[in-house]
Amino acid sequence: MATLDGSSIKKLIVACDAGMGSSVMLASTLKKQLKKSGVTVEHSPVSEIPVDADVVVTQNNLAERARGVVPDIPVVPFQLFMGDPNVAKVVKAIQDGSTVEV
């Protein structure tokens with residue numbers, strides 16, 4: 001579990017394995033949801049996560065790989081590309097400037 005301060009998140013990365021449609025769609029959805037918050041949302045292969053990310057969201061099965069690439073950045077695993085509760089918690093924390101456990 002990680003504690004995230006939504007008010008300090010300026011760059012969110014959606015990390016994937018192959019760069020195919022579902023994760024790109026998630027990144028696009030998050031860009032729209034977080035546009036007013038001033039957060040940059042980028043899509044990245046899990047092996048190339050930028051070190052200036054504030055938080056990484058990725059599929060459950062890629063979370064450990066992501067943590068190995070960026071051990072000092074919180075990694076939020078999810079199961080569902082659309083409507084996952086962990087991703088929703090991150091979005092809400094950013095929008096509200098609140099703190100959340102994920």
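Judged as a side chain to side chain contact (heavy atoms under 4.5 Å, CB included), and not counting sequence neighbours, the contacts of Q95 are Q33, L34, S37, V91. For P50, the side chain to side chain contact (heavy atoms under 4.5 Å, CB included) partners two or more places apart in sequence, or in a different chain, are K11, I13, E42, S44, D52.
Summarising the geometry of S23 relative to H43, their closest heavy-atom pair is OG-NE2, 2.8 Å, with the distance given to 0.1 Å. Taking all atoms of both residues into account, the shortest heavy-atom contact from V39 to I9 is CG2-O, 3.3 Å. Between L62 and C16, the shortest heavy-atom contact is CD1-C, 3.7 Å. A15 and T58 make their closest contact through O-OG1, 2.8 Å (heavy atoms, listed as atom of the first residue, atom of the second, distance).
Residues V100 and L30 fall within the same hydrophobic cluster, defined by Ile, Leu, Val, Met, Phe, Trp and Tyr side chains chained together at heavy-atom separations under 4.5 Å. Side-chain heavy atoms closer than 4.5 Å link hydrophobic residues (I, L, V, M, F, W, Y) into clusters, and following such links, possibly through other members, connects V46 to V75. Side-chain heavy atoms closer than 4.5 Å link hydrophobic residues (I, L, V, M, F, W, Y) into clusters, and following such links, possibly through other members, connects V14 to V55.
Here I94 contributes atom CD1 and K10 contributes atom NZ; the two are 9.0 Å apart, rounded to the nearest 0.5 Å. With rounding to the nearest 0.5 angstrom, the CG atom of N61 is 10.0 Å from the CD atom of Q79. Between the CG atom in D17 and the CZ atom in R65 there is a gap of 4.5 Å [rounded to 0.5 Å]. In this structure, R67 CZ and I73 CD1 are separated by 12.5 Å, a value rounded to the nearest 0.5 Å.
The list of ring pair (Phe, Tyr, Trp, His ring centres under 6.0 Å) pairs with a residue in residues 69-102, not counting sequence neighbours, reads F78-F81.
Between the side chain of N86 and the backbone N or O of P77, at least one donor-acceptor pair lies under 3.5 Å. Between the side chain of T29 and the backbone N or O of M25 there is at least one donor-acceptor pair closer than 3.5 Å.
Between V57 and L12, the closest side-chain pair of non-hydrogen atoms falls below 4.5 Å. The shortest side-chain heavy-atom distance between L4 and V76 falls under the 4.5 Å cut-off.
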